[in-house]
Every structure is written in C-alpha cells, then in structure tokens.
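Numbered from 1 within each chain, the chains take letters A, B, ... in sequence-line order. Quick caveat, the model's predicted, so the values are computed rather than measured.
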2 protein chains.
Amino acid sequence: MRATIYDVARRAQVSIATVSRVVSGRARVTEETRARVLEAVKELNYHPNPVAQGLALQSTRTLALIIEGFDNIYPAKIVAGAETEARVHDYHLLVQQVADLDGDKLRRLSGRVDGIIISGAATADELLQAAVEQDIHAVRLGYLIPDLHADAVVADNYKGAYEAVEHLIEHGYRRIAHISGPESSPHGKERANAYLAALQDHAIPQPEEYLVRGDYTHERGFQAMASLLELAEPPDAVFCADDLLAMGAILAVHELGYEVPDDVAIIGFDGLETGAYVTPPLTSVYQPIEQLGRVAVETLLWRISNPDKELRETVLPTELVIRRSCGCPAASRVLGGTAA
Amino acid sequence: MRATIYDVARRAQVSIATVSRVVSGRARVTEETRARVLEAVKELNYHPNPVAQGLALQSTRTLALIIEGFDNIYPAKIVAGAETEARVHDYHLLVQQVADLDGDKLRRLSGRVDGIIISGAATADELLQAAVEQDIHAVRLGYLIPDLHADAVVADNYKGAYEAVEHLIEHGYRRIAHISGPESSPHGKERANAYLAALQDHAIPQPEEYLVRGDYTHERGFQAMASLLELAEPPDAVFCADDLLAMGAILAVHELGYEVPDDVAIIGFDGLETGAYVTPPLTSVYQPIEQLGRVAVETLLWRISNPDKELRETVLPTELVIRRSCGCPAASRVLGGTAA
DNA sequence: CTGAAAGCGCTTACAG
DNA sequence: CTGAAAGCGCTTACAG
C-alpha cells in the first residue's frame, strides 16, 4: 500500500542503497540517477518509514516530556515551548503524565525516545535517578538537585520570591504572610525559603502562623487566606507561591468583606496573563515558562550529541510584574516577559 | 550495552523465538523453559526494543495529537485527557502544534504513529482532508464537518450556547449582545448561530452592533466590551464565546465604572475553574474538555481495530454552570462537570 | 558513483 | 513445545 524503498528502487532501476543515498542526501550520486530516483519518489509519494530508520540509525528523533499532569497552564506552556523547540530541530515530542510511572516503565519508554525531560516533583526525583542509572539521557526541568548527575533547567525561584517579598516590605507592610506550595514541591520550598530569608534580612518578625501550606489551587488559596484573616493579628500582605493561590486568596478577601490591596496586599508567582484580568489586577513574579520548555529541549539535544561533556545547569531569570494587588498604582494589564 | 533478545536467548540457552514467546506471552511455553527465560530477562534487565517491535508488528502503539498551540487551558486539558486514555490502553501520545504542518509533513508524521487526532480550526480541515486521502486513521476533535469522511468527537456547542442565551432571557434581559470567537473558529460559529437563533425564537431584537467579533483572549474581551458600552444603547447582558473573553469583559465593565451583573450580566463558555475565582464568579457553559480528549483517543483506537465500520460521531453534552455574573444569587464557587 | 550484503532487534508462519 | 528462517524497511561499510 504505502511505497517502500524497494518500490522506488525498482521504478528508478537502481539499488535501494542508491535510493537511500539520494533521499538522505548523505552521499554523492550522479545527477542523472539522482533525477531518476527523485522522479520515482515523487510518483510513488515515497516517504522513508521513520520506524525502520529508527532501527537502522539507532535514533528515534523523538524526545519524551514527563510532567505531573497536563491540565494546567504551567505544564501547558512547558509543552508548547518544548514542542516548538523540538520541531525546530526536526524532533518529535512524546508527552506522559507521571501518574504511575516507575523505573521499569521509564525504561520501556526510553526505548522509543532519544532522551527524556522530567519535570515536577516527588516521584520525579526517583525517576530522574532511575534514568541516570540506566544511562538514559535526561534533563531535569524546574529546579536543581545537588548531587544528581543530570543537566537541569530552572527559573530563579529564590530570587524572584525574594524580590516579591522585598517589594511588599518597601510598600511598608510589616505583617507579611506566605501561602506556600505543597509539601512535595521543590519550587515551593525555594520560594518559601526566600520569603523567610527576606523577612529575616530586613529584621521583620515572622510569626509561625503566617506561613501556611497551600497546593497551587484556587481552592486552597481561598481557604488559606480565610484562615489568615481569622488570626488575632491578620497579615497586611501575603506572598503566594503561585497565581492560582493568589487568585483564590483575593476572592477570600473580598468575600469576607475586605479589600485588596487596601486591607491586604497580595503578590502571586508565575505572572500568568489571567492575573491581569482579576480585580484588582494581580502583581506577580513572572517566570518564562515556555522558555523553560524550550531550553530544556535545547539542553537535552545538546547532551545527546555531547554525552561526555560536563553537566549543564541553566537558570532563567524571573521578573516582578507590577500590577495593582500589591498596592502600586500601576497600569492594570501589564503582561510579563514582554521586555524579554 | 542494552540487552537484546539475543543476549537473553544465549543466557537462557534457547532461541530468540522462544524468548519472544515468553516475553510477549503470546504462545505456550514449557513452564521450565519459561522460568529460565524469565530469569535471564531479569538478570539482564531486558526490555524489548519498541522500535524493532514497531517494525515487525507494523504498529507503533503511539497516537499523535495535533492541535493549534498548547499554551492554553483548552489544549492542555485535551492533552491531559488524551494521554490518560492512551495510557490506559498502553499507548503513547505524540503532540504537535499545527504551526507549519502541511500534507507532506503530516504524511511523514503518520509513519511514526498508528493514528492521528486533529483539533483546531482553519488549517485543521485541510490536514484532516489530507489524512483521509492518504488513508491515515484520523479523528476530528472539536466540531463536525458534514462531508468529510472521518470520525468526530465534539461538545454540543449549539445547545450549550442556546441555553446560555435563554437563561439571560429568563432573567429578563432584552438587550443581549454576543462577543464571538475568531472568524476561523467553527465552534465560535456554532455558538454565534445559537445566540442568533435563541433571540429570534424569543422574538427579541438583535441589533447588528450587538454581535462583535472576538478571538478567545482576555484582551479582545476587554476591548469588545468597552466598545459595546460606548453604544448609544448598550446591552444589559452579554454572552461571550469563551471564558477568557468573558473575564476580559468583566474587567472592562468594572474599569468603566459599571457593575456585573447589575449593569451588565455576563455568561462565558467552557466552565473553567478560574471563572469561579473572578469577581463576580462567572456563569459559564461547561464543556467536558478532558473528556473530549479521552473520547477522541477511544474513538481513534476503536477505528484502528475496526477500519471498515461506519463513521462514528460522538456529541458530548454541555452544562450551564450558574455562578453570579448572570444575575443569579447562586453559590460562588460552583465547578462544572462535578455531576458527571 | 553504485550494488550486494550485513545489520538494526524484533515477530511469526512453517517445520519438526 | 521449540528452532531456523524469512520478513518488517531502512542504512552503511565494503567492494568494485
């Protein structure tokens, strides 16, 4: 049904080796035979079977992206960036949610790709560990791990968070709380550490109750903020570990009859476009999510062709996008990353 | 380096055929030799090479999902649903943004997958057409096309939109406008048609200026709403073709000093969780996006094993999620699809 | 420059 | 039940 290299060879009266040569362009061929082959290729609408090529060349020209759930904007942008970059290099992208992935399944998956990008938390570490042990090319996306032998691409979570908290301090707020990411989130931990450090560096007290654990959902942001508002001495500013938490927090403030930023100022993390369209527009630490995906692919491809070079860790800068929820009288619909 | 079937055969003192049989479980093997092979498999950490299997079996156990940009919540949920369903069937998912895809590239892509899901608009039609012509298994995701020979999975855009507009009518609004999707969006067209029909069925006038074109972004929703508010007789209710438009519209209403829903009621489409966290919470037509992705995979897999059965078109129901922007005094954080 | 042949790592009729 | 062999569709040293 589908034409093979044999069909083309027969039609062009040459051997399959010659067909392969002209199609791949990897060797000299007489102009005359070249033309004959090309003609046959066109007539038969021949395209080399990538699976057979994969077997012969020991390369699939496919990369895998493993991430914890795709049904959110962060993973969505990662996928978008990764696929875009992969396509530029004529590679394909396989996606997989961590879910029930383990070392064994990872191994099987690795048979169909040339390398793997692992993002997310918790299990991601073990996966990366497994990959490294099995000599699978892998890059970690999202945060650094000290003694794991793998390349990594991350955003500067610590600095971004630190700047956000400092911004609140400059506004004059002194009762600054933090709604964090989930236990399992390493980015969340970095952001929480930065929050703690910023307060300490400025000699601002940090009551234990001001650090409440969230989980990157509107829901938790709402609940956490509600609980903060019930404290004897509620905070006058809250730094949230991501924009979803922040948006839930804003809603809670409103529902309890308070105002943002007059009663409580709020800053989020991620710098999503959506944040510009809540009331009041959300000030947030922008991180270049798509770019993270792109650079991860770039790094992985580089690693594949340079197996023996030393580890590469890329840290992408964040940027505080000032809108209104922090108390600034800024324009309302600023988007992040436009300067880049 | 990586163990092959030959390594296992040698170690277990059997032929590769036998190894293949016990590993695949597709044929009877003596319990004794079976045990020997399994032992060798374990010792060598052997996993069959999927590329080689793909060549021998003429099946890649991989599906492709082609969609117009992944950096948004709709495609994200589609991917999530599709990957989940694929995994259930031990299939993998390759993703690709339409971008510069054409018939030729589609053909090359098709060599690495068993079937393709095509979503989105504009170019998607030509792609699907090309797929059908080249005998590639393909299912259309998102909307129906009358005379194209392909399976399809869609949400009931028309009915969902119709009910939304009727809901506004029941509230007593009579100056009902619509901010539509982009020219190229077939879903958008269906929703706009439903809007028109609902007004006509209820004998409510529909001034031409009340239908303004949007493009599924906050930005356009903001602009479109601002222009509607400048009309001599501004609308008292607006049905938006998606939630992003609706959220931008809400912001515009607020920035111009009006209130939602008191001055203008608003209903969106998609039923995103985020909509529950804007002020006021957004009433919206929920559509089961992840489910669309799952059913698309299910349909494609079914088609692959039943190449000759007649076309299958699945229409998934929508559901009006009542929050507050329509004027109802409902609970604020209702999420869609929880009843399903 | 071109072809015959081996090899990539599997699966599966066909014999025995 | 098990093995030898052909086949899946390519690529690429090796000769000529």
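Residues B:P75 and B:I67 have side chains in contact (heavy-atom distance under 4.5 Å, counting atoms from C-beta outward). At a threshold of 4.5 Å between non-hydrogen side-chain atoms, the residues B:I289 and B:I73 do not count as touching. Side-chain contact between A:R36 and A:V14 is present, with at least one heavy-atom pair separated by less than 4.5 Å.
Stem list for DNA chain D (at least 3 consecutive Watson-Crick or G-U pairs, distances under 3.5 Å): C:1-3 with D:14-16, C:5-12 with D:5-12, C:14-16 with D:1-3.
When distances are taken from the side chain of A:L55 to each of D:dT2, C:dT2, D:dG9, the shortest belongs to D:dG9.
Here D:dG9 presents its P atom at 9 Å from CG of A:D7, a figure rounded to the nearest Å. Remark: C1' of D:dG3 and CZ of B:R28 are 19 Å apart, rounded to the nearest angstrom.
Not counting sequence neighbours, the partners of B:R61 by the side chain to side chain contact (heavy atoms under 4.5 Å, CB included) test are A:R112, B:S59, B:D90, B:Y91. Every residue two or more places apart in sequence or in another chain that forms a salt bridge (Lys or Arg N to Asp or Glu O under 4.0 Å) with B:E43 is listed here: B:R11. Looking at residues two or more places apart in sequence or on another chain, you find no side-chain hydrogen bond (donor to acceptor under 3.5 Å, both in side chains) involving B:E310.
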Quiz prompt | Reading 5' to 3' through nucleotides 10-16 of chain C, protein heavy-atom contacts under 4.0 Å coded B for base, S for sugar-phosphate only, - for none | solution = BBBB---
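Side-chain contact of B:T84 with A:Q97: a donor-acceptor pair under 3.5 Å is present, judged by distance alone.
The pair A:E290-A:R294 does not meet the salt-bridge criterion, since no charged nitrogen lies less than 4.0 angstrom from a carboxylate oxygen. Salt bridge present: A:R10 and A:D7 bring a charged side-chain N and a carboxylate O closer than 4.0 Å.
A heavy atom lying under 4.0 Å from DNA chain C marks none of the residues of residues 105-116 of chain B.
Residue-environment remark: CZ (B:R312) exceeds the threshold of 12 foreign heavy atoms within 6.0 Å.
Checked options B:D135, B:D151, B:D308; the residue passing with B:R303 is B:D151 (criterion: salt bridge (Lys or Arg N to Asp or Glu O under 4.0 Å)).
Not one side-chain nitrogen or oxygen of B:Q58 sits closer than 4.0 Å to the OP1 or OP2 atom of D:dG7.
As judged by a 4.0 angstrom heavy-atom cut-off over every strand, A:V14 is placed among residues touching the sugar-phosphate backbone only.
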